[in-house]
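Notes follow once the structure below has been shown.
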Amino acid sequence: MLKKLHTEAAFTAMVRRNEALIYKVCLAFASQHGTTVDDLKQEILCKLWEGYGSFRHQCAESTWLYRVALNTALMQQRHEQHLPIIQPLGAHEEPVCEAAEESSQLEQLYALIARLEPEEQKIIYLYLDRLSGKEIAEVMEISEINVKVRLHRIKIKMKGMAQDEEQL
Amino acid sequence: MKNNFDLEKMQELWDRQSQSLQGRQLISDEEIAAALTPRHKGRWLPKAAAAAALLMMAGGAALWLSQPQQVLPTSGSSTMLTTPQPITQTEVLPASSEKVVLRHHTRPLLAENTAPAQVQEPAATNAIYDTVQLDVPEAAISEDDKKAAPVPAMIETHRLVTIGTTRPEAVPVIIEGNNLVMLSDEKPEYRPLRFEEVPKEPERPTFHDCVIEPLLASII
């Protein structure tokens, strides 16, 4: 019983330390799909708690958190793909940027990311979150060189997608 | 953004978003507590899963209610003998308590020259019975069973009974160890007997078996 309480307290502290990390994943991945930020947040928290017992601290805490959060978000995305996107007027999630222009730009960026392959989505997300090539490699469990190559391709791909949208 | 798509600029935008989140409580205590609760207890169930669980509950309850009441004997011996052959030419007479008298209209059961060597109690086998008392609880015999056996029977006091077979006439039998020895005119036939434990409690499925278990299984 005491051990359980101790584990729960440690988990809660870990979530508190990294709540911005978790929340940003939710913002980026929930906005383009039928799920809400709150639903995705709850799903990620549940997955984190399910995996917390087997987390051996062999990698950085944030690395493990990114891994679980991104995988859960992408898994949820696959589940929600068959559902229509419901975005009632004025029902945007909390505006996190003060300027509406910035908010709109972020929405467009999320939309572009959503069109990438799941692995590419993870890499670009981590890149935008200012993780180094080495850190991205750890989260993705691939080599650093592989990260650089993929990142280069993703940038080209996203530019192409942005141009295509402009032409439309 | 589309005209001048620049990932570096996007990164700066991303940074500003991160800064705006600083110092805010983004995950409530309730949300963390809900994650710590086992899923089937406190977590929101998707509507489809909830509907399926309700359907399963309704189905399970209907199944449970449709189960016939089983009245099983609660007294008597712990072993029950099931005869593999139908009893014919038997008249079931109501008897007091839990005993039923099966009266066999038979000729003498054993001819003098057919007593097999395997019979362990020659004295008993030589006796001629036309009334055999079997320990058959009344409740265990349905109306159909009274007309056509097999009737679960625990042979208690008499070792020699006559049961019917597929042949039209009754055949004398002897219980010998775990075998039913059918003393036909030609050669004794040995049929293994099946002994079953009489369940102490009725085997009616419980509400837990029919409803709770499937519900938990569907959620987990």
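Nothing here was measured: the structure is a model prediction, and the numbers come from that model.
If you take CD1 on A/Ile156 and CG on B/Leu7, they are separated by 11.5 Å, rounding to the nearest 0.5 Å. A distance of 5.0 Å separates CD in A/Gln105 from CE in B/Met10, rounded to the nearest 0.5 Å. Here B/Leu21 contributes atom CG and A/Tyr23 contributes atom OH; the two are 7.0 Å apart, rounded to the nearest 0.5 Å. With values rounded to the nearest 0.5 angstrom, B/Ile27 atom CD1 is found 7.0 Å from A/Cys26 atom SG.
Interface residues of residues 61-69 of chain A toward chain B, defined by a heavy-atom distance below 4.5 Å: none. Interface residues of residues 123-134 of chain A toward chain B, defined by a heavy-atom distance below 4.5 Å and sorted by number: A/Ile124, A/Tyr125, A/Tyr127, A/Leu128, A/Asp129, A/Arg130.
A donor-acceptor contact shorter than 3.5 Å links the side chain of A/Lys41 to the backbone of B/Leu26.
Within the 4.5 Å cutoff, the side chain of B/Ile32 has no heavy atoms near those of the A/Glu8 side chain. Two residues are said to be in side-chain contact when any heavy atoms from C-beta on lie closer than 4.5 Å; B/Arg24 and A/Glu19 fail this criterion. A/Leu27 places a side-chain heavy atom less than 4.5 Å from the side chain of B/Gln17.
For A/Ile44, no part lies near chain B; criterion is any non-hydrogen pair under 4.5 Å. Heavy atoms of B/Asp29 lying under 4.5 Å from chain A belong to its backbone as well as its side chain. Residue contact with chain B, scored on non-hydrogen atoms closer than 4.5 Å, is absent for A/Met161.
When all heavy atoms of A/Trp49 and B/Ala35 are compared, the pair lying nearest together is CD1-O, 3.2 Å.
The 12-atom threshold is exceeded at NE2 of A/His57, counting heavy atoms of other residues, nucleotides or ligands nearer than 6.0 Å.
Among the candidates B/Glu31, B/Glu12, B/Gln19, the residue making the largest number of heavy-atom pairs closer than 4.5 Å to chain A is B/Glu31. Among A/Arg16, A/Lys24, A/Lys155, A/Met158, the residue making the largest number of heavy-atom pairs under 4.5 Å with chain B is A/Arg16.
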